[in-house]
Amino acid sequence: KMSVLSLTFHSTSNISSSWDHYTENTLFEMIENLMDVENYILSDVESDMINEGKNTNLLLMFDNTEKRQEFIDIELKNITERIEDQFGDEVMVFATLLNPKQK
């Protein structure tokens with residue numbers, strides 16, 4: 001059964017251009033090299049609720065919940081550590097597990 005993970009990266013306005021560059025290059029390359037991801041969508045989030053900074057969303061689709069959990073345990077930690085190393089607390093990462101009822 002398909003399993004989905006939504007990652008939201010909230011970046012502060014201080015690092016806007018460097019975050020855009022990072023998502024278009026480094027983050028994109030990391031995503032392209034992920035083995036167990038069937039499909040993904042990397043998006044800028046438009047929202048009236050965000051006054052400061054910006055949200056970027058990465059929607060990842062997996063074949064099953066086991067592959068998603070493996071990603072969370074291993075790859076998500078690596079991605080989060082790389083982002084923290086580069087941006088410190090200027091970028092926060094939020095993970096939301098989505099369990100589709102229908103598709």
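Note that the numbering runs from 1 along the sequence shown for the chain.
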Determine all donor-acceptor pairs shorter than 3.5 Å in which one atom belongs to a side chain in residues 33-40; sequence neighbours excluded.
residue: N33; atom: ND2; partner: E29; partner atom: O; Å: 3.0
residue: Y40; atom: OH; partner: E32; partner atom: OE2; Å: 2.4

**OP:** Kindly write out the residues that satisfy side chain to side chain donor-acceptor pair (under 3.5 Å) with S11, not counting sequence neighbours, or none if the list is empty.
**Re:** none
Original post:
When Ile, Leu, Val, Met, Phe, Trp and Tyr are grouped by side-chain heavy atoms lying under 4.5 Å apart, directly or through other members, which residues fall in the same group as I74?
Top reply: none
**OP:** Applying side chain to side chain donor-acceptor pair (under 3.5 Å), name anything that partners S18, two or more places apart in sequence or on another chain.
**Re:** none
Original post:
In Å and rounded to the nearest 0.5 Å, what is the CG to CD1 distance from L58 to I41?
Top reply: 9.5 Å
**OP:** Kindly write out the residues that satisfy side chain to side chain donor-acceptor pair (under 3.5 Å) with T12, not counting sequence neighbours, or none if the list is empty.
**Re:** E90
**OP:** Could you check if a side-chain atom of T56 sits within less than 4.5 angstrom of a side-chain atom of L42, using non-hydrogen atoms only?
**Re:** yes
**OP:** Measure the shortest side-chain to side-chain distance between I15 and Y22 over non-hydrogen atoms and say whether it is less than 4.5 angstrom.
**Re:** no
Original post:
Can you name the residues that form a side chain to side chain contact (heavy atoms under 4.5 Å, CB included) with N57, not counting sequence neighbours?
Top reply: S6, T8, V45, L59
Subject >> Residue pairs fulfilling salt bridge (charged side-chain N to carboxylate O under 4.0 Å, His left out) with at least one residue in residues 78-89, sequence neighbours excluded >> reply: none
Original post:
If we only count heavy atoms from C-beta on, is the L5 to I72 side-chain gap below 4.5 Å?
Top reply: yes
Original post:
What pairs of residues pass the salt bridge (charged side-chain N to carboxylate O under 4.0 Å, His left out) test when at least one of them lies in residues 7-19, not counting sequence neighbours?
Top reply: none
Original post:
Applying ring pair (Phe, Tyr, Trp, His ring centres under 6.0 Å), which residue pairs with at least one partner in residues 52-85 are found, sequence neighbours left out?
Top reply: F62-F71
**OP:** Mind checking the CE-OG1 spacing from M92 to T80? Nearest 0.5 Å is all I need.
**Re:** 13.0 Å
**OP:** Please report the closest heavy-atom contact between E52 and H10, naming both atoms and the distance.
**Re:** O-CE1, 3.2 Å
Original post:
Could you give the distance from CG (N78) to CE (M30), rounded to the nearest 0.5 Å?
Top reply: 9.5 Å
Original post:
Given the rule that I, L, V, M, F, W and Y join up when any side-chain heavy atoms are under 4.5 Å apart, are L98 and I79 in one cluster?
Top reply: no
**OP:** Could you tell me the separation between the CD1 atom of I83 and the CG atom of L27, rounded to the nearest 0.5 Å?
**Re:** 5.5 Å
Original post:
Who are the side chain to side chain contact (heavy atoms under 4.5 Å, CB included) partners of T65, not counting sequence neighbours?
Top reply: S3, R68
**OP:** Kindly indicate whether the side chain of T23, heavy atoms from C-beta on, has any atom under 4.5 Å from the side chain of D44.
**Re:** no
Subject >> Candidate pair F9 and F94, rule ring-ring contact (aromatic ring centres under 6.0 Å, His included), full reasoning >> reply: CA-CA 6 Å; F9 305 92; F94 301 95; 9.5 Å; no
Subject >> side chain to side chain donor-acceptor pair (under 3.5 Å) partners of Q69, counting only residues at least two apart >> reply: D73
Original post:
Applying salt bridge (charged side-chain N to carboxylate O under 4.0 Å, His left out), which residue pairs with at least one partner in residues 16-28 are found, sequence neighbours left out?
Top reply: D20-K54
